[in-house]
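Comments concern the structure below.
Since the structure is predicted, the reported quantities are computational estimates derived from the model, not experimental observations. Order of appearance sets the numbers: ligands from 1, and atoms from 1 within every ligand. Index from 1, following the sequence.
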Amino acid sequence: MLSLWETFLSEKIVTFMREMLPERPSLFAEIEKECMRDYVPLIEPEVGQLLQVLLGIKQAKKILEIGTGIGYSTLWMALAPDRTDRHITTVEIEPERHQRACYYFKEAGIDSLVTPLLGDARKLISKLEGSFDFVFMDAAKGQYLNFFSKVWPLLEPGGVLVIDNILLNGWVIDMYWPERRKKTMVCRLRQLIEMLKNHSGLSTTILPLGDGVSISVRKIE
Ligand SMILES: C[S@@+](CC[C@H](N)C(=O)[O-])C[C@H]1O[C@@H](n2cnc3c(N)ncnc32)[C@H](O)[C@@H]1O
């Protein structure tokens, strides 16, 4: 399926923008291939590049990722330039994916920078110790509001929250759901966007990149 970005922008622009991305290590291509073969969802490379840029701007050190998949987005963040003292805690609910991610973290030589946790983020997040200055959410879209309520107490003032698939193929814009079983997900994402917009402790923007990405910063009171 075409990503939202590809449906809104001409193929020419998308191709050009992707050509402008810096060359990435060959391991990235290997993971992309595996994801394609096994139907594992993953971020678009341009979203990976966005994460690297945001990490550079924020100079984030303590990162929480919800939705490891097989480690593609974690790798993008771990290999972002500039910082060597960055640490990523990443949560995945599916044991097989968690295992593949651990394998790739070793292959990439980043296993000391990452704490991969296996389990349901809805239960695990509240048990985490310390705080985070950067959170990337890319898991079950219908659970984002639930994840947010758990993440909020852990997000430092000035901390950044990035959420992927916020526009969900554009369905949240006109509240269209192609199948009945997608209705809850679309409605919950719309609620999430409203919540982000009205949250007095956050400043948020949405980029029509990939499947739609929201970027919020926690205000410093
Ligand atoms: C879109 S994929 C993540 C892709 C990954 N961020 C990447 O780009 O490489 C979403 C992942 O979230 C996981 N997931 C869904 N619900 C979860 C939950 N409640 N707790 C932890 N992980 C969850 C899924 O198993 C899936 O692997």
Exercise for review: Count the heavy atoms of every other residue, nucleotide or ligand shown that sit under 6.0 Å from CD of Gln59, and state whether that count exceeds 12.
Suggested key: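 Enclosed.
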Review point. Is the shortest distance from a heavy atom of Gly48 to ligand 1 less than 4.0 Å?
Key: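 Per 4.0 Å heavy-atom rule, Gly48 does not contact ligand 1.
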Exercise for review: Using non-hydrogen atoms of the residue, decide whether Leu75 is closer than 4.0 angstrom to ligand 1.
Suggested key: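 False for this residue.
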Exercise for review: Kindly determine whether Arg100 and Glu34 satisfy salt bridge (Lys or Arg N to Asp or Glu O under 4.0 Å), including the steps that lead there.
Suggested key: CA-CA 10 Å; Arg100 287 304 289 158; Glu34 180 173 333; 2.8 Å; yes
Tell me whether [X] has any N or O atom under 3.5 angstrom from an N or O of ligand 1.
X: Ile66; result: no
X: Phe147; result: no
X: Ile93; result: yes
X: Ala121; result: yes
X: Lys141; result: no

Contact atoms of ligand 1, heavy-atom distance to [X] under 4.0 Å:
X: Ala139; answer: 10 (C), 12 (O), 14 (N), 15 (C), 23 (C)
X: Asp120; answer: 18 (C), 19 (N), 20 (N)
X: Gly119; answer: 20 (N), 21 (C)
X: Thr68; answer: 5 (C), 9 (O)
X: Ala140; answer: 15 (C), 16 (N)
X: Tyr72; answer: 9 (O)
X: Ile43; answer: 7 (C), 8 (O)
X: Pro41; answer: 1 (C), 2 (S), 4 (C)

Exercise for review: Ignoring hydrogens and angles, tell me if any N or O in the side chain of Lys62 forms a donor-acceptor pair with the backbone of Ala60 under 3.5 Å.
Suggested key: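 Not confirmed, Lys62 side chain does not pair with Ala60 backbone.
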Exercise for review: Please say which of Ile166, Val162, Asp138 ends up in a side chain to side chain contact (heavy atoms under 4.5 Å, CB included) with Val213.
Suggested key: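 Among Ile166, Val162, Asp138, the one meeting side chain to side chain contact (heavy atoms under 4.5 Å, CB included) with Val213 is Val162.
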Practice item. Spell out, yes or no, whether Leu118 and Ile63 are grouped together once hydrophobic residues are joined by side-chain heavy atoms under 4.5 Å, including indirect joins. Key: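 Different hydrophobic clusters.
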**Study point:** Nearest-option assignment for atom 7 (C) of ligand 1, heavy atoms, candidates Ser73, Gly210, Gly71
**Key:**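 The residue whose heavy atom sits nearest atom 7 (C) of ligand 1 is Ser73.
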Review point. Of the listed options (Glu92, Glu32, Met77), which comes nearest to atom 13 (C) of ligand 1 when hydrogens are ignored and any heavy atom counts?
Key: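 Checking each option, the heavy atom nearest atom 13 (C) of ligand 1 is found in Glu92.
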**Study point:** Tyr103 ring center within less than 6.0 Å of His98 ring center
**Key:**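 That pair fails the under 6.0 Å test.
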Review point. Under 4.0 Å between a Lys/Arg side-chain N and an Asp/Glu carboxylate O for Lys182 and Glu179?
Key: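 Result for this pair is yes, salt bridge flagged.
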Check your understanding: Hey, are Glu46 and Arg18 close enough for a salt bridge, meaning a charged N less than 4.0 Å from a carboxylate O?
Key ->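 Looking at Arg18 together with Glu46, the answer is yes, because their closest N to O distance falls below 4.0 Å.
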Review point. Between Arg190 and Trp171, is NZ or CZ placed under 6.0 angstrom from the six-membered ring centre and within 45° of the ring axis?
Key: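 Not satisfied by the 6.0 Å and 45° rule.
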Exercise for review: Anything under 30° is parallel, anything over 60° is perpendicular, the rest tilted; go ahead and classify Trp76 against Tyr72.
Suggested key: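 Rings of Trp76 and Tyr72: perpendicular, over 60°.
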